[in-house]
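Chain A is the first sequence line, chain B the second, and so forth, proteins listed ahead of strands; every chain is numbered from 1. All of these numbers come straight from a predicted model, not from anything done at the bench. Because only heavy atoms are used, hydrogens play no part in the values below, and waters and symmetry mates are left out as well, while side chains stay in.
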Protein chains: 2
Amino acid sequence: MTKPHRKPRRHNAAPDRPAPGEPPRLDLGFLNGLLGYMLRRAQLAVYQDFFRTFADANVRPAQLAVLAILERNPGLKQTAIATALGIKRTNFVGLIDGLEGRGLLERRVADHDRRSSALHLTDEGRALLRRLKRMLDVHERRIAAGLDDAERRQLLALLERIADISRA
Amino acid sequence: MTKPHRKPRRHNAAPDRPAPGEPPRLDLGFLNGLLGYMLRRAQLAVYQDFFRTFADANVRPAQLAVLAILERNPGLKQTAIATALGIKRTNFVGLIDGLEGRGLLERRVADHDRRSSALHLTDEGRALLRRLKRMLDVHERRIAAGLDDAERRQLLALLERIADISRA
DNA sequence: TATTGTTATACTCTATAACTATA
DNA sequence: TATAGTTATAGAGTATAACAATA
């Protein structure tokens with residue numbers, strides 16, 4: 001998956017190449033009409049817009065997802081969030097370290113189980129989240145710009161059915 | 001993006017944890033109803049099925065895409081394919097090395113420009129492609145299992161409109 | 001014994017910089 | 001000067017293994 005990773009870091013010499021407006025339109029053979037291929041292209045376009053939108057706030061999709069879940073479920077255990085998001089708990093550690101280091105959330109020893117960390121948003125985290133929700137609104141409107149409300153809802157419903165094939 | 005990377009390599013001791021059927025169903029807050037979030041989840045499910053389907057053939061999505069384009073456009077230059085797929089030419093080298101090393105395609109010095117490599121499928125590449133197309137058929141039917149024909153076509157159309165926001 | 005959080009580590013994907021051989 | 005292919009390298013994301021503290 002082509003993830004637009006970061007803002008281009010400024011170095012000292014000539015880059016690989018400037019992206020020339022559009023990729024050459026050539027016949028993609030049987031790729032056309034494949035759900036997997038179109039899904040990937042759509043996801044890529046959305047990620048592009050996401051990174052552009054949240055560059056200032058320096059927030060990545062997984063980070064926003066954590067904040068969103070935590071807003072609704074204060075005190076949730078670290079691993080519960082990780083599994084809900086499909087992230088291995090081992091990779092989740094660094095993600096939470098980052099958010100905690102920025103003062104957006106804090107780990108508290110959980111009641112009744114001193115192994116687990118219960119996560120809580122800080123005031124600063126809640127404040128940032130308010131700002132992020134406004135940015136998200138802009139982002140969402142931009143990527144759904146070509147769709148009317150009924151189409152947007154239908155796309156969401158169809159995507160949900162695709163996403164659920166794994167538990168069929 | 002959570003890409004199912006490889007077949008689990010067998011090591012010598014206990015793994016991180018067995019994935020227990022389903023992630024706990026908890027309230028995801030404002031993530032629900034977001035195009036970007038549902039798109040990611042759908043893409044993930046499709047990738048899961050793709051890797052499962054093509055594990056035997058040991059073919060990844062980008063590799064299949066190259067073979068598909070090459071079948072329709074024999075002799076296309078390396079960089080033309082790379083840009084069409086949104087892959088940087090610098091990262092494309094290894095991909096083509098792999099396919100060439102497996103005898104599936106070959107690089108030929110292009111007529112009129114000895115800098116470029118014109119890519120051509122070998123007989124072996126064409127043979128594998130026939131097999132891959134049958135596997136792809138199974139894969140595609142599986143991920144679209146919950147949709148009738150009209151729904152599948154509509155999903156493709158909606159995805160295409162999302163994918164095109166970048167060139168708006 | 002099993003689970004939570006953690007560190008260490010490896011592989012893949014994507015990115016930039018710089019080289020070469022051609023044009 | 002510019003372009004095609006290439007190498008080297010770095011940063012994310014995701015994977016497994018193993019350990020300490022706790023259950």
May I ask you to say whether [X] pairs ionically with [Y], meaning some side-chain N is under 4.0 Å from a carboxylate O?
X: B:K133; Y: B:D137; result: no
X: B:R161; Y: B:D164; result: no
X: B:D123; Y: B:R126; result: yes
X: A:R153; Y: A:D149; result: yes

Between [N] ([atom2]) and [X] ([atom1]): distance, integer Å:
X: A:D111; N: D:dA23; atom1: CG; atom2: P; result: 12 Å
X: B:Q63; N: C:dT12; atom1: CD; atom2: P; result: 11 Å
X: A:N91; N: D:dG11; atom1: CG; atom2: P; result: 18 Å
X: B:L119; N: D:dT6; atom1: CG; atom2: P; result: 9 Å
X: A:L85; N: D:dG13; atom1: CG; atom2: C1'; result: 14 Å
X: B:I96; N: D:dT6; atom1: CD1; atom2: C1'; result: 13 Å
X: A:K88; N: C:dC11; atom1: NZ; atom2: C1'; result: 15 Å
X: B:Y47; N: D:dA15; atom1: OH; atom2: C1'; result: 17 Å

Taking atom types as they are modelled, would you say the side chain of [X] forms a donor-acceptor pair with the base of [N] within the 3.5 Å cutoff?
X: B:R115; N: D:dT3; result: yes
X: B:D113; N: D:dA4; result: no
X: B:T90; N: D:dT7; result: yes

Of all the choices, D:dG5, C:dT14, C:dG5, which nucleotide is nearest to the side chain of B:S116 once you look at every atom? D:dG5
When you match A:V93 and B:H112 each to their closest nucleotide on DNA chain C, which lands nearer the 5' end? A:V93
When rounded to the nearest 0.5 angstrom, what distance separates CZ in B:R41 from CD in A:E160? 6.5 Å
Check whether any side-chain N or O of A:R107 sits under 4.0 Å from OP1 or OP2 of C:dT6, and answer yes or no. yes
Report yes if at least one side-chain N or O of A:R60 is closer than 4.0 Å to OP1 or OP2 of D:dG13; otherwise report no. yes
